J.: 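Before anything else, here's the structure in question.
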Amino acid sequence: MSKILVTGGTGYIGSHTVVELYKAGYTPVIIDNLSNSSSKILAQIEKIIGVKPEFHQFDLCDTEQTTAFINNNPDISGIIHFAASKAVGESVQKPLKYYHNNFFSLINLLEAYQEKKINFVFSSSCTVYGEPDALPVTESAPVKRASSPYGNTKQIAEEILAESAAAYDNYNIIALRYFNPVGAHESALIGELPLGVPQNLLPFITQTAIGKREKLTVFGNDFDTPDGYCIRDFIHVVDLAKAHVAAIQLLEKGNPNGKYDVFNVGTGKGYSVLEAIKAFEKVSGKTLNYEVGPRREGDIVKVYGDVTKSSSELGWKAQLGIEEMMSSAWKWENYLKENPIE
Ligand code: UD1
């Protein structure tokens with residue numbers, strides 16, 4: 001079966017995608033520099049699928065190593081490119097790190113394939129929409145000025161990919177714009193492993209509930225929304241992983257929309273931060289210690305995706321709901337308590 005290169009394959013979304021690729025009959029091959037993940041995830045993946053995926057540890061910013069790897073692996077037919085720096089706050093402090101890592105790795109990969117055909121799936125984000133003018137936001141909504149260097153890397157990467165697909169015959173590309181990935185594999189053997197203090201909502205909720213953090217601070221409840229809390233389109237990471245398999249399959253069949261395409265990957269339904277907390281409390285049976293604090297600078301008030309195009313043209317639709325997202329995240333946090341992964 002076809003070999004698919006998964007860059008960043010030991011990371012949160014990458015590891016779940018490796019599992020789903022394997023289940024769909026592909027042979028995933030991982031490249032990761034382990035800058036924000038653990039090699040122990042390979043053994044966890046093996047516990048789920050029964051085989052240890054092929055793994056190569058190096059930095060895709062290294063042009064020579066990347067080119068040599070691609071030349072030595074001519075049987076790779078597709079790439080799912082997750083490997084990137086992704087902390088919004090850090091990107092404001094260290095913009096050059098973000099531009100360096102996120103662009104050199106992307107360009108090295110594309111250049112290594114200049115003479116060869118490749119199907120390429122890129123990890124993009126709903127952050128490209130900024131605060132949308134209309135909801136649910138469709139793929140044709142305007143891309144708004146990025147509010148962080150991280151967001152800017154996603155926008156510019158999409159432009160690099162669109163221009164490359166237009167200019168060269170050999171690339172067939174899909175960018176997936178993720179909404180808010182949460183949850184973990186049902187086995188609780190893989191999940192999100194935040195380094196240090198989590199910046200995102202869900203790991204902060206589960207770490208608070210398990211006692212690793214004293215309390216969650218909710219960043220504002222006076223927004224122009226029905227309950228005053230921000231609204232997000234939370235998407236189960238396993239559903240998100242499956243969207244990547246669907247994207248590879250569409251590229252293999254030939255995408256009638258052309259050589260570059262974008263899809264929203266969300267559920268299409270928005271939940272407020274308060275509703276997310278309540279859903280967590282319901283499935284965990286825990287009362288969450290939280291307080292409302294000031295707004296976080298740069299936060300989007302409400303965003304959820306129109307998933308009509310993903311459903312009709314990508315042939316993918318989210319199956320799992322908010323309670324499955326919360327219960328799997330909670331099960332994973334409990335697993336980590338007993339089986340810490342450093
Ligand atoms: C954030 C990034 C976004 C990125 C995404 C990646 C910002 C401004 N945006 O999105 O660019 O693509 O992560 O996963 O950082 N919240 C709290 N308390 C917390 C943490 C979060 O109240 O401790 C709230 C936030 O204010 C927000 C919601 O929970 O309303 C979701 O936050 P988060 O998980 O950080 O995701 P985004 O802000 O959507």
Side-chain angles (χ1 to χ4, degrees), residues 6-17 31-39 41 57 59-61 80-106 122-131 144-158 175-184 190-208 212-213 216-220 230 232-235 237 240 265-266 273 276 293-300 303 329 332-333 336 341-342:
V6 184
T7 76
T10 53
Y12 175 41
I13 307 170
S15 57
H16 289 82
T17 301
I31 296 176
D32 203 305
N33 67 358
L34 301 179
S35 62
N36 191 23
S37 61
S38 165
S39 61
I41 291 300
Q57 183 182 352
D59 192 333
L60 291 156
C61 293
I80 305 179
H81 181 45
F82 294 106
S85 301
K86 61 162 192 180
V88 176
E90 187 194 40
S91 81
V92 176
Q93 307 299 322
K94 299 178 184 166
L96 292 179
K97 172 180 169 183
Y98 277 68
Y99 291 120
H100 182 106
N101 283 349
N102 295 5
F103 292 144
F104 284 179
S105 57
L106 175 67
F122 179 67
S123 185
S124 190
S125 167
C126 70
T127 193
V128 302
Y129 299 122
E131 188 77 55
K144 299 262 180 84
R145 193 183 155 74
S147 62
S148 70
Y150 157 78
N152 211 21
T153 66
K154 293 297 176 195
Q155 296 187 359
I156 297 171
E158 284 198 4
L176 298 179
R177 292 175 174 167
Y178 314 155
F179 285 73
N180 286 63
V182 296
I190 53 174
E192 190 167 5
L193 262 182
L195 267 190
V197 182
Q199 305 298 311
N200 295 116
L201 180 65
L202 240 287
F204 213 106
I205 289 181
T206 56
Q207 288 195 8
T208 305
K212 273 198 212 169
R213 312 270 157 213
L216 166 76
T217 301
V218 173
F219 302 134
C230 288
R232 293 292 183 274
D233 184 343
F234 298 100
I235 167 84
V237 67
L240 175 54
V265 187
V273 169
R295 293 182 176 194
R296 175 170 73 178
E297 202 190 317
D299 257 346
I300 300 302
V303 63
W332 164 241
E333 192 68 63
L336 275 182
I341 299 175
E342 300 306 326

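All values reported here derive from a predicted model rather than from experimental measurement. Residues: numbered from 1 along the sequence shown.
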J.: Under 3.5 Å, side chain of T7 to main-chain N/O of A83, donor-acceptor pair present?
T.: yes
J.: Give a yes or no answer on whether the side chain of E297 reaches the backbone of R295 with a donor-acceptor pair at less than 3.5 Å.
T.: no
J.: Hey, does T206 have a side-chain heavy atom less than 4.5 Å from the side chain of W332?
T.: no
J.: Report the distance from atom CD1 of I156 to atom CZ of F103, rounding to the nearest 0.5 Å.
T.: 4.0 Å
J.: Measure the spacing between OG of S15 and CD1 of I190 and express it to the nearest 0.5 Å.
T.: 4.0 Å
J.: How would you list, by chain and number, every residue that makes a side chain to side chain donor-acceptor pair (under 3.5 Å) with S35, sequence neighbours excluded?
T.: N33
J.: Nearest 0.5 Å, please: how far is CD1 in I235 from CZ in F179?
T.: 10.0 Å
J.: Among all residues two or more places apart in sequence or in another chain, which pass the salt bridge (charged side-chain N to carboxylate O under 4.0 Å, His left out) test with R213?
T.: none
J.: Run the side chain to side chain contact (heavy atoms under 4.5 Å, CB included) test against P194 and tell me which residues pass, sequence neighbours left out.
T.: E192, P198, P203, Q207
J.: Would you mind reporting whether L336 and L193 have side-chain heavy atoms less than 4.5 Å apart?
T.: yes
J.: Measuring from atom CG of L176 to atom SG of C126, what distance do you get when rounded to the nearest 0.5 angstrom?
T.: 12.5 Å
J.: List in chain and number order the residues that pass side chain to side chain contact (heavy atoms under 4.5 Å, CB included) with D32, two or more places apart in sequence or in another chain; answer none if no residue qualifies.
T.: T10, I30, L34, S37, F55
J.: Consider side chain to side chain contact (heavy atoms under 4.5 Å, CB included). Of V237, V182, N180, which one does L202 pass it with?
T.: V182
J.: Are any non-hydrogen side-chain atoms of I300 and C230 less than 4.5 angstrom apart?
T.: no
J.: Apply side chain to side chain donor-acceptor pair (under 3.5 Å) to Y98 and list each qualifying residue two or more places apart in sequence or on a separate chain.
T.: E90
J.: Can a donor-acceptor pair be found, under 3.5 Å and without considering hydrogens, that links the side chain of N36 to the backbone of S85?
T.: no
J.: Atom NZ in K86, atom OG1 in T127: separation rounded to 0.5 Å?
T.: 13.5 Å
J.: For F234 and A276, work out which heavy atoms get closest and say how close.
T.: CE1-CB, 4.0 Å
J.: Sub-3.5 Å donor-acceptor pair from the side chain of K154 to the main-chain atoms of S123, do we have one?
T.: yes
J.: Can you name the closest pair of heavy atoms from F104 and C61 and give their distance?
T.: CB-SG, 3.9 Å
J.: Determine whether Y99 and N152 make a side-chain contact, defined as any pair of heavy atoms from C-beta on separated by less than 4.5 Å.
T.: yes
J.: What pair of heavy atoms forms the shortest contact from G151 to A146, and how long is it?
T.: C-CB, 3.7 Å
J.: If you look at every heavy atom in R296 and Q199, which pair is closest and at what distance?
T.: NH1-O, 3.3 Å
J.: Atom OG of S125 and atom CD of E158: how far apart are they, to the nearest 0.5 Å?
T.: 9.0 Å
J.: More than 12 heavy atoms of other residues, nucleotides or ligands under 6.0 Å from NZ of K94: is that the case?
T.: no
J.: Carefully, step by step, assess L60 and H81 under the rule side chain to side chain contact (heavy atoms under 4.5 Å, CB included).
T.: CA-CA 10 Å; L60 291 156; H81 181 45; 4.3 Å; yes
J.: Could I get the full list of side chain to side chain donor-acceptor pair (under 3.5 Å) partners for H16, not counting sequence neighbours?
T.: none
J.: Check whether any side-chain heavy atom of R177 sits under 4.5 Å from a side-chain heavy atom of V265, and report yes or no.
T.: no
J.: Using side-chain heavy atoms (C-beta onward) and a distance below 4.5 Å, is Y150 in contact with V92?
T.: no
